[in-house]
A.B. asks: 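Quick one: the structure is below, questions incoming.
Scope of the values below: all heavy atoms of this structure, side chains included, with no hydrogens, waters or symmetry mates.
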Amino acid sequence: MNRRQMLQGALAAPFALTNDAFAKEPIYIGDMHFHLLFIGARPASTQPLRPNMTAGNATLVAWSLVGDLPWMGLTLRGFKQKAVPKAGEPVAWLEKEMARVQTHIAEQKLKVVKTAADVDRALAGDPHVVLSVEGASFLDDGIAHLQTAYDLGIRSVQLVHYIRNTIGDFQTERPQHGGLSAFGKTVIEECNRLGILVDLAHSPTHSVEQALAVSKVPMIWSHSSVTRTQNPSWTMPAVQARQLSLEKAKAIAAKGGVIGLWAVRSDAGRTPEAYGDKLAEMADWLGEDHAAFGTDMNGLVVPVLSNYTDVRRVVEHWQRKRLPEARIRKLAIENYARVLKQAMSARTA
């Protein structure tokens, strides 16, 4: 090796990190919002979950079933409601699709988070999936179906999504309930009782305020971004309407909650490294205990993060920048794990 080659090697060394080069123990990844669908051009059967998780060392992934998918469609103005579900249809959809989710998980030899102890196992490196549902339209047929969801293994429920339901308003359409309905507040109370994590993503300002007044345990906003300059409104373009104001993000954090950053290029940059800078900035605004990955993987048209190898690049970027290891671990997995355990451990039923 000549002197020039030695110099090139020395300069390249700080950037040629292997996984967790600066960490004494592996840094695992948690994701508060991930999709894998059974329809479309790339169904779940062509995207096996375990290799994706393994490639990025992801061990705590919330697989979110889209609870209102049959009744929504993509338009030039974003996702809109295209039909009204008939009585019983959302519950039937939930049960059918969740069976397919569970079959795929079993085929992949992954485990499902059922208790706080399972979260601890994921923190220790044993890959687990958190069963989640985005848009609780299945509750339009009655609060008893929250128990149905729990019995199916669901441990995280996002109240609203893209179609109207009896729980409350959502960010991209004109309000009808003034935030949460009385029933919506009951849903939060029942989630607390059962030990189900409440996800406020897609909820407008009034709903966030009301939910914070009702819930006895911390909640999450699993995915989107935080804005310091705007008050998001249903009248805005969809990406802006979907943001969370800094004021409300701080309010969720003040109650112990966690905010997830999605992988939308207009919000989070065009590379995993840019995404990492944005998430680190969000942690500066809210406190390092209150920000996390919420990729919305497979739910976005042109994402900045397409797989967990990309998410691993975020962690490696933080390591190259010499962020404190404790901070990296919190953002990577520990914040999500903490709030999930708090919700499940509060179960009183």
Side-chain angles (χ1 to χ4, degrees), residues 8-36 42 47-64 108 110 122-123 125 127-130 222-226 258-286 288 290-337:
Q8 289 174 333
L11 291 173
F15 302 97
L17 293 177
T18 57
N19 271 4
D20 312 319
F22 297 125
K24 295 179 181 178
E25 299 292 338
I27 296 176
Y28 302 113
I29 285 171
D31 186 358
M32 299 200 297
H33 198 75
F34 165 89
H35 293 293
L36 198 54
R42 297 180 64 206
Q47 303 179 74
L49 181 53
R50 190 177 189 106
N52 186 7
M53 291 177 63
T54 300
N57 223 1
T59 62
L60 187 65
V61 171
W63 183 344
S64 185
Q108 295 295 299
L110 294 165
L123 284 168
H128 278 69
V129 175
V130 183
S222 64
H223 64 294
S224 79
S225 64
V226 176
V258 178
I259 314 300
L261 177 64
W262 62 0
V264 171
R265 288 191 175 189
S266 59
D267 271 356
R270 302 184 67 84
T271 66
E273 292 75 17
Y275 175 98
D277 290 339
K278 181 67 176 179
L279 182 51
E281 180 184 52
M282 219 168 78
D284 290 338
W285 297 347
L286 304 175
E288 65 180 21
H290 305 289
F293 291 121
T295 66
D296 205 4
M297 201 178 293
N298 297 321
L300 304 172
V301 178
V302 186
V304 65
L305 304 174
S306 298
N307 51 55
Y308 286 112
T309 302
D310 287 343
V311 182
R312 174 57 51 185
R313 282 177 57 186
V314 176
V315 172
E316 292 172 349
H317 174 63
W318 288 334
Q319 291 174 316
R320 284 193 295 270
K321 294 186 71 174
R322 303 288 182 169
L323 268 65
E325 183 180 324
R327 181 182 179 91
I328 294 175
R329 291 184 184 279
K330 288 180 179 181
L331 300 180
I333 190 170
E334 290 178 353
N335 289 342
Y336 177 37

A.B. asks: I'd like to check Leu279 versus Phe293 (side-chain heavy atoms, cut-off strictly below 4.5 Å). Are they in contact?
C.D. replies: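 When only atoms from C-beta onward are counted, Phe293 and Leu279 do touch, with a gap below 4.5 Å.
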
A.B. asks: Would you indicate whether the side-chain heavy atoms of Leu36 and Gln47 approach each other to under 4.5 Å?
C.D. replies: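 Heavy-atom side-chain distance check passes, below 4.5 Å.
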
A.B. asks: For a quick test of reading the model, state the closest non-hydrogen atom pair linking Leu60 to Ala122 and the distance between them.
C.D. replies: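 Heavy atoms of Leu60 and Ala122 come nearest at CD1-CB, 3.9 Å.
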
A.B. asks: State, to 0.1 Å, how close Gly269 and Ala274 come at their nearest heavy-atom pair, and which atoms those are.
C.D. replies: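 The pair with the smallest heavy-atom distance is CA-CB, 3.9 Å.
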
A.B. asks: Mind listing the closest non-hydrogen atom pair of Val304 and Ala268 along with its distance?
C.D. replies: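 Answer, listing the atom of Val304 first, then Ala268: CG1-CB, 4.4 Å.
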
A.B. asks: Taking all atoms of both residues into account, what is the closest heavy-atom pair of Leu300 and Trp262, and its distance?
C.D. replies: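 Smallest heavy-atom distance, with atoms named: CD2-CE3, 4.4 Å.
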
A.B. asks: Any heavy-atom pair between the side chains of Asp277 and Glu281 that's under 4.5 Å?
C.D. replies: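 The answer is no; the side chains never approach within 4.5 Å.
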
A.B. asks: Check Ala280 against Arg327 and note the closest heavy-atom contact, atom names and distance.
C.D. replies: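 Between these two residues, the closest heavy atoms are O-NH2, 3.3 Å.
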
A.B. asks: Dump the intermediate steps for side chain to side chain contact (heavy atoms under 4.5 Å, CB included) on Val314 and Ile29, then the final yes or no.
C.D. replies: CA-CA 10 Å; Val314 176; Ile29 285 171; over 6 Å; no

A.B. asks: Side chains of Arg312 and Val315: does their closest heavy-atom pair fall under 4.5 Å?
C.D. replies: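 Arg312 vs Val315: side chains touch.
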
A.B. asks: Would you say the side chain of Pro26 lies within less than 4.5 Å of the side chain of Asn57, judging by non-hydrogen atoms?
C.D. replies: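 Result yes, sub-4.5 Å side-chain heavy-atom pair found.
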
A.B. asks: Answer yes or no: is there a side-chain heavy-atom contact under 4.5 Å between Gln108 and Val129?
C.D. replies: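 In short, these two side chains do not touch, never coming nearer than 4.5 Å.
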
A.B. asks: With a 4.5 Å cut-off on side-chain heavy atoms, are Asn52 and Phe34 touching?
C.D. replies: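 Counting from C-beta outward, Phe34 and Asn52 do come under 4.5 Å.
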
A.B. asks: For the side-chain contact (heavy atoms from CB on, under 4.5 Å) test, which of Met53, Met297, His128 pairs with Val61?
C.D. replies: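 Checked Met53, Met297, His128 against Val61; only one passes side-chain contact (heavy atoms from CB on, under 4.5 Å): Met53.
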
A.B. asks: Taking salt bridge (Lys or Arg N to Asp or Glu O under 4.0 Å) as the test, write out the residues that go with Asp267, two or more places apart.
C.D. replies: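 Asp267 satisfies salt bridge (Lys or Arg N to Asp or Glu O under 4.0 Å) with no other residue.
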
A.B. asks: Once you round to the nearest 0.5 Å, how far does CE of Met282 lie from NE2 of His290?
C.D. replies: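 One gets 11.5 Å once the value is rounded to the nearest 0.5 Å.
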
A.B. asks: Can you confirm whether Glu25 sits close enough to Arg329 that some side-chain heavy atom of one is under 4.5 Å from a side-chain heavy atom of the other?
C.D. replies: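 Result yes, sub-4.5 Å side-chain heavy-atom pair found.
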
A.B. asks: Of all residues at least two apart in sequence or in a different chain, which pass the side chain to side chain contact (heavy atoms under 4.5 Å, CB included) check with Thr309?
C.D. replies: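 Thr309 satisfies side chain to side chain contact (heavy atoms under 4.5 Å, CB included) with Ala55, Asn307 only.
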
A.B. asks: Are any side-chain N or O atoms of Tyr275 and backbone N or O atoms of Leu261, one a donor and one an acceptor, separated by less than 3.5 Å?
C.D. replies: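 At least one qualifying donor-acceptor pair exists.
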
A.B. asks: Please name all residues satisfying salt bridge (Lys or Arg N to Asp or Glu O under 4.0 Å) with Lys330, sequence neighbours left out, ordered by chain then number.
C.D. replies: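 Applying salt bridge (Lys or Arg N to Asp or Glu O under 4.0 Å) to Lys330 gives Glu288, Asp289.
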
A.B. asks: Pick from Ile333, Ile328, Asn335: which one makes a side-chain contact (heavy atoms from CB on, under 4.5 Å) with Leu331?
C.D. replies: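 Answer after filtering Ile333, Ile328, Asn335: Asn335.
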
A.B. asks: Kindly write out the residues that satisfy side chain to side chain donor-acceptor pair (under 3.5 Å) with His35, not counting sequence neighbours, or none if the list is empty.
C.D. replies: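 Residues passing side chain to side chain donor-acceptor pair (under 3.5 Å) with His35: His33, Glu134, Asp296.
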
A.B. asks: By side chain to side chain donor-acceptor pair (under 3.5 Å), which residues pair with Tyr308, not counting sequence neighbours?
C.D. replies: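 If we apply the side chain to side chain donor-acceptor pair (under 3.5 Å) test to Tyr308, skipping adjacent residues, the hits are Asp31.
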
A.B. asks: To check you understand the geometry: which heavy-atom pair defines the closest contact between Ala332 and Ile27, and what is its length?
C.D. replies: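 Shortest heavy-atom separation between Ala332 and Ile27 comes out as CB-CG2, 3.9 Å.
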
A.B. asks: Can you tell me how far the CD1 atom of Ile259 sits from the NE2 atom of His223, to the nearest 0.5 Å?
C.D. replies: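 Answer for the CD1-NE2 pair, Ile259 versus His223, is 12.0 Å.
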
A.B. asks: Listed by chain and number, what are the side chain to side chain contact (heavy atoms under 4.5 Å, CB included) partners of Arg270, not counting sequence neighbours?
C.D. replies: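 Testing Arg270 for side chain to side chain contact (heavy atoms under 4.5 Å, CB included), a comparison that skips the adjacent residues, returns Arg265.
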
